[in-house]
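Here is the structure we will look at, set down as structure tokens.
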Amino acid sequence: MKKLMLLLCLIACITARAQKEKAAAYINTYKALAIAEMIRSGVPASITLAQGILESQYGESDLAKASNNHFGIKCKTEWTGPKTYHDDDERGECFRVYATVEASYRDHSDFLKSRPHYAFLFKLDPSDYEGWAKGLKKAGYATSQTYPQQLLKVIHDYDLQQYSLEAIARMQNDAGTAATTAVTAVQPVASQQPALKEVKTPPITEEKEEEHKEAETLTTVTTELNTGIKKSTAYPTAGIFTINHVKVIYAPEGISLLALANQYNIGLSKLLEFNDLPEMDVLDTDRLIFLERKLKKGATDVHIVTADETLHDIAQKEGVRLESLLEYNNLRKEARPAAGEKLYLRTMTPVTAKQTKISR
């Protein structure tokens, strides 16, 4: 009996490892394509990759290998291209055939973009992969009752959200470059005033049990400094916006934190944890309040400290976890950075990195 159990465990380990290797190969092959499609169409790269992995069985299904169809898209009445027939929900169903996998990815994006019953998905925050996973099932993409859970498991197992965030960062960088170029073209050369620009992003919606409710969102207003570093200087005073792809509001002094937690359906302890705050009933001052956990890495590489900024202030302004900020810069929580000091937001300070390498 013990030998049988060991044999079964060994088989399970080998199978899991093989599956992981297949997933890694698929992701490495098509991640750039998924990112490009997100930039072009708005379909999250994490969702595209997760669907591709599930629907094509890591690119190894008969439909994927013979027809380059990685998303199980059926012919429908409007399809005029090549066709093939496979058993699916019914026997001998018609499926689309593509000349290349790239054509399959593009058609997948256009398929979702062109159908009215998927339109609500494009009103979701582009980083809301959970909303997309549930919404695809709701809109009828798949008949499996566990389809959202399957997608979410693939996204979590293989950290596919990073590719959506990469696409968002590229889009924001492209928009920022275009806006800066336009402002530079009309400003006098001698002007030393920073260019203030405000960009609106598509509305965020929070999926309820039976409907999607829209909430207006704005990106952070930023100032372009001579150093090239973007630093938050003003915030919308009402509604949800985002900093570093994370949902946040600007809350006034004296507001009840419990009321805020209830309003946004978050536990009070979680709200305090997301914002690195001690226990308190009401806000002691006007503050940025994040509605979900901040990211470990910032949107930019460094932050230049201004007068009277605390480490907590910087973590909030940049949308970075305080613990990560401390780790990257080899600082203690009670440290007071000096004005003009450079703090790293994505990697360890070179001095710390060198010391770590030596100690190893």
Hydrophobic cluster identity match, [X] and [Y], side-chain contacts under 4.5 Å:
X	Y	value
Ile289	Leu311	no
Leu325	Tyr328	no
Phe274	Leu326	no

[X] with [Y]: basic N within carboxylate O range, under 4.0 Å:
X	Y	result
Glu60	Lys22	yes
Asp125	Lys247	no
Glu327	Lys333	no
Arg106	Glu102	no
Arg287	Asp284	yes
Asp110	Arg40	yes

Please find out if less than 6.0 Å separates the ring center of [X] from that of [Y].
X	Y	answer
Tyr129	His156	yes
Trp132	Tyr147	no
Phe111	Phe71	no
Tyr85	Phe95	no
Tyr26	His70	yes

**Report entry** Neighbour count above 12 (heavy atom, 6.0 Å) for Asp281 CG
**Finding:** no
Report task. May I have all residue pairs that pass side-chain hydrogen bond (donor to acceptor under 3.5 Å, both in side chains) and include part of residues 266-277, sequence neighbours excluded? Result ->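 As it turns out, the side-chain hydrogen bond (donor to acceptor under 3.5 Å, both in side chains) pairs with a partner in residues 266-277, which skip direct neighbours, are Glu273-Arg293, Asn275-Gln316, Asp276-Lys294.
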What pairs of donor and acceptor atoms, side-chain ones from residues 335-347 against any protein atom, are under 3.5 angstrom apart with sequence neighbours left out?
{"from": "Glu341", "atom 1": "OE1", "to": "Ala338", "atom 2": "N", "distance (Å)": "2.9"}
{"from": "Arg346", "atom 1": "NH1", "to": "Gly298", "atom 2": "O", "distance (Å)": "2.5"}

Query raised in the report: Taking only residues two or more places apart in sequence, or in another chain, which ones meet Thr48 in a side-chain hydrogen bond (donor to acceptor under 3.5 Å, both in side chains)?
Result: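 Residues passing side-chain hydrogen bond (donor to acceptor under 3.5 Å, both in side chains) with Thr48: none at all.
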